[in-house]
There are 2 protein chains.
Amino acid sequence: MAFENYTIKDIAKALNLSPSTVSRALRDSYEISIETKKMVLDYAEKINYRANPIARSLKERKSYSIGIVVSEIANNFFSQVIDGIESVAYAKNYQVVISQTHESSERERLNVEHLYSRSTDGLLMALSAETVDTTYLEDLMKKGFPIVFFDRVPAQLRSHKVIADNRQGGFEAVQYLAKKGRKKIAHLTGAKKLSITIERLEGYKTALMANGLDFSPSLVKYCQYGGLHQQEIEQAVAELSQEDYDAIFVSGDKLTTGYLQAMKEREDVNVHHVMIAGFTNSKVVSIFSPTITAIRQPAFEMGERAAELLIQQIESKHAVEEFQTVVLPTVLIEQK
Amino acid sequence: MAFENYTIKDIAKALNLSPSTVSRALRDSYEISIETKKMVLDYAEKINYRANPIARSLKERKSYSIGIVVSEIANNFFSQVIDGIESVAYAKNYQVVISQTHESSERERLNVEHLYSRSTDGLLMALSAETVDTTYLEDLMKKGFPIVFFDRVPAQLRSHKVIADNRQGGFEAVQYLAKKGRKKIAHLTGAKKLSITIERLEGYKTALMANGLDFSPSLVKYCQYGGLHQQEIEQAVAELSQEDYDAIFVSGDKLTTGYLQAMKEREDVNVHHVMIAGFTNSKVVSIFSPTITAIRQPAFEMGERAAELLIQQIESKHAVEEFQTVVLPTVLIEQK
DNA sequence: GTGAAAGCGCTAACAG
DNA sequence: CTGTTAGCGCTTTCAC
């Protein structure tokens, strides 16, 4: 079941050259004469020669591929980030390898190690909801393996980071609800320790205060897996139904749709009584019922920026010492 | 920027063994004594040795990874298929590499060639909407490179295939609408030449006939990119608005949500006048408005089956000559 | 301007 | 049971 492909040796033999000359010609080295180059290139073209990237990787310790680690591709936000990453990567001749953690820190570690040992040249990642220990990432980074984080970033690690302005997003969402006259605004959010959870909660609190509303811990519900399991949302909704709230700010893509679903399934609550604002990058918010106000993250751009930073770091001659944190604004979209 | 990792040689040196002995011990070869194995394994564990899969791939012409080629991961159906593939692949110790074509046949070709040359051991793919020429795939398959198709499969190629029962799905959808008393049932569908388009159209026609309804070509609208561009859907909806239809059968995930959006944006039509049934694997159909009846494909299972067939083919000693086409039933889900 | 030779890390005859 | 050797396809000194 072997499929014979042409190698540099084959070309060398056919053209009565040495493999090294062919290699150099193919890479357009200055040492090789124009005629030889043309001859080699023409022949390579003719036989449809494809260099073996595996061999090249082994030799060069570089693969021109970058890894992506996200929790779920079935998440509007992440799939849009990936599109942004791809657009930059392809333009710079890097391949992209995508992997999912499904919010499991074990799976995350396996994926990272695999991508690392497969000689991806660097990683773009958003931490899983479960992840607390990031020392293995730190170890890799110390070895010189470039990792750029986006969305869910580790506070304790020094690296490039690209995030949305989550405080602003949270603030604007809650501000919006408050201006509509809502007095008891609940908050449904993800894993407690994630950066995005913390920042959005801050925005929520600031907006409450700015509008003279009290903060009530019982109105804040956490979902450890960020809504990956519908059951955790239902639980939160059940708990919230004990409270007399008139609006809610939801802090994530899956949580937002999951909340709508959970509400629809409950007979005891009036779905349209609660005003909803939530983080979501769904492209079909307009067909959701009940109507919601969406906080949208610049996902595509986030992917682009993160990929640019990563490739820059990969290609830099010296170890990068100055790390950037790029913060992108969120957008609030009201439904008619 | 090189990161030193331990190699087999390092272990050999430290333990006063030859590299081959170490290699064999690591691979649990029967030739090696228990004591040596233990010694090697312990030491490897201690220094946290990781085999270099690149070197192994180069040597073995096998990478224990399989490639996936789909049009969009931001598609409920495809992301669920991918989850199914992953579940099987991981269980059998294969890694998975995902790539997107965005319905471009050029991108598809680039992705396939990349995955092939990167020594993925085989491919799981659903054709892009644009693809007509599949000869390059045939060439690869002739060389012995295993490809299993799912969902959008090429009629002319001999290979394993896993598809949903698209005729049945189409039939049931239209049957449902007819039983509800609808008389003029339109059909919104994808690229004309795709297998899924053809089969679902057949189901549509059969159901019309079975219910004594006439087939009218002007009620069938094709979207060349399967709804990837909202504009093509809007165009179709605009055309359909000239027709006096009371129900519609939509033939794809993006098309279904896209149709709902397009209807919502048009002021001239009464959204709730048209009864809708459509293929979609969205997990949030229940929060769509207007309400639709969903035809769901067993996406996860499709991924599982396809992955099983592929791995089986990869690991088979002889060239596979007998190809299967697995057909999985669709499920109709009515909303309350 | 071109070739010979070594080596990336691993595996697998072949010898002993 | 273990070691020696060659080689996967490519790049890259170092010669000439």
Side-chain angles (χ1 to χ4, degrees), chain A residues 1-41 43-44 47-65 113-114 116-121, chain B residues 1-41 43-44 47-65 114 116-121 143:
Chain A
M1 189 127 304
F3 7 104
E4 310 305 332
N5 277 330
Y6 294 102
T7 72
I8 274 189
K9 273 190 195 167
D10 297 324
I11 301 184
K13 208 169 291 173
L15 264 36
N16 258 314
L17 292 169
S18 76
S20 41
T21 302
V22 175
S23 170
R24 279 185 277 238
L26 254 14
R27 327 202 72 218
D28 199 28
S29 159
Y30 66 94
E31 303 170 276
I32 305 295
S33 72
I34 312 240
E35 301 84 52
T36 309
K37 272 186 194 163
K38 179 157 171 35
M39 187 169 73
V40 170
L41 258 16
Y43 185 73
I47 64 173
N48 192 27
Y49 167 80
R50 306 276 133 164
N52 181 332
I54 298 272
R56 192 152 177 245
S57 291
L58 180 59
K59 182 71 186 170
E60 297 193 337
R61 276 105 189 297
K62 180 141 172 39
S63 66
Y64 291 94
S65 66
E113 297 212 324
H114 173 259
Y116 170 68
S117 68
R118 269 263 153 221
S119 295
T120 43
D121 300 333
Chain B
M1 191 127 301
F3 7 106
E4 310 304 331
N5 276 330
Y6 293 101
T7 73
I8 274 189
K9 273 190 191 166
D10 297 326
I11 302 184
K13 209 168 289 174
L15 263 36
N16 257 313
L17 291 169
S18 77
S20 44
T21 304
V22 175
S23 171
R24 281 186 275 239
L26 253 16
R27 328 198 73 219
D28 200 27
S29 158
Y30 65 96
E31 305 171 274
I32 305 296
S33 73
I34 312 237
E35 302 83 51
T36 308
K37 273 185 194 165
K38 182 161 170 31
M39 188 169 72
V40 170
L41 259 14
Y43 185 73
I47 63 172
N48 192 28
Y49 167 79
R50 308 275 132 165
N52 181 331
I54 297 272
R56 193 155 174 238
S57 290
L58 181 59
K59 180 72 187 169
E60 296 194 335
R61 276 100 190 297
K62 181 144 171 36
S63 65
Y64 291 94
S65 66
H114 173 257
Y116 169 69
S117 68
R118 271 261 152 222
S119 295
T120 43
D121 300 333
K143 285 191 192 178

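Just the heavy atoms: all of them, side chains too, but no hydrogens, waters or symmetry mates, feed the values below. Convention: sequence-line order gives letters A, B, ...; per-chain numbering from 1.
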dC10(D) OP1/OP2 closer than 4.0 Å to side-chain N/O of Tyr49(A): yes

With each end axis built from five pairs of C1' atoms, what bend angle do you get for the helix from dG1(C)-dC16(D) to dG16(C)-dC1(D)? Round to 10°. 50°

Rounded distance (Å) that lies between atom P of dT2(C) and atom CD1 of Ile34(A): 11 Å

Tell me the interatomic distance from Tyr30(A), atom OH, to dG1(C), atom C1', rounded to whole angstroms. 11 Å

Touch class at under 4.0 angstrom, heavy-atom based, for Asn16(A) against every strand present: sugar-phosphate

Could you check how far CD1 of Ile8(B) sits from P of dC8(D), rounded to whole Å? 19 Å

Derivation and outcome, side-chain contact (heavy atoms from CB on, under 4.5 Å), residues Met39(A) and Leu17(A): CA-CA 11 Å; Met39(A) 187 169 73; Leu17(A) 292 169; 3.8 Å; yes

State whether Lys9(A) places a side-chain N or O below 4.0 Å from either non-bridging phosphate oxygen (OP1 or OP2) of dC8(D). yes

Between Tyr49(B) and Asp10(B), does the side-chain contact (heavy atoms from CB on, under 4.5 Å) criterion hold? Intermediate values first, please. CA-CA 10 Å; Tyr49(B) 167 79; Asp10(B) 297 326; over 6 Å; no

Whole angstroms only, please: what is the CG-P distance between Asn52(A) and dG7(D)? 18 Å

Does Ser18(B) place a side-chain N or O at less than 4.0 Å from the phosphate oxygens OP1/OP2 of dG3(D)? yes

Residue-level proximity of residues 19-26 of chain A to DNA chain D when a heavy atom falls under 4.0 Å: Ser20(A), Ser23(A), Arg24(A)

Round to a whole Å and report the spacing from NZ of Lys62(A) to C1' of dG9(C). 20 Å

Whole-Å distance between dC10(C) P and Tyr6(B) OH? 14 Å

Determine, stepwise, if the pair Asn5(A) / Lys143(B) fulfils side-chain contact (heavy atoms from CB on, under 4.5 Å). CA-CA 9 Å; Asn5(A) 277 330; Lys143(B) 285 191 192 178; 2.8 Å; yes

Within the structure shown, what part of the strands sits under 4.0 Å from Glu31(B) by heavy-atom distance: base, sugar-phosphate, or nothing? base

Tell me if a side-chain donor or acceptor on Thr36(A) pairs with a main-chain N or O of Ile32(A) at a distance below 3.5 Å. no

With sequence neighbours left out, write down each residue that passes side-chain hydrogen bond (donor to acceptor under 3.5 Å, both in side chains) with Arg27(B), or none if nothing qualifies. none

In whole angstrom, what separates Lys59(B)'s NZ from dT11(C)'s P? 9 Å

Tell me, yes or no, whether the heavy-atom count around Lys13(A) atom NZ, taken from other residues, nucleotides or ligands under 6.0 Å, exceeds 12. no

Starting from C1' on dA6(C), measure out to CG on Leu58(A) and report it in whole angstrom. 13 Å

Nearest heavy atoms of Ala12(B) and Pro19(B), plus distance in Å: CB-N, 3.7 Å

Looking for any heavy atom pair under 4.0 Å, which part of the strands does Leu17(B) touch: base, sugar-phosphate only, or nothing? sugar-phosphate

Donor-acceptor pair, side chain of Ser57(B) and main chain of Pro53(B), under 3.5 angstrom: yes

Taking only side-chain nitrogens and oxygens of Arg27(A), does any of them come within less than 4.0 Å of OP1 or OP2 of dT12(D)? yes

Can a side chain N or O of Ser33(A) be found less than 4.0 Å away from OP1 or OP2 on dT2(C)? yes

Within the structure shown, what part of the strands sits under 4.0 Å from Thr36(B) by heavy-atom distance: base, sugar-phosphate, or nothing? sugar-phosphate

Could you go through Leu15(A) and Val22(A), starting from their C-alpha distance and side-chain angles, then the distance that decides it, and tell me whether this counts as side-chain contact (heavy atoms from CB on, under 4.5 Å)? CA-CA 9 Å; Leu15(A) 264 36; Val22(A) 175; 5.7 Å; no

Side-chain donor/acceptor of Asp121(A) to backbone N/O of Lys62(A), under 3.5 Å: no

Can you tell which of dC10(C), dG7(C), dT12(D) lies closest to the side chain of Arg56(B)? dC10(C)

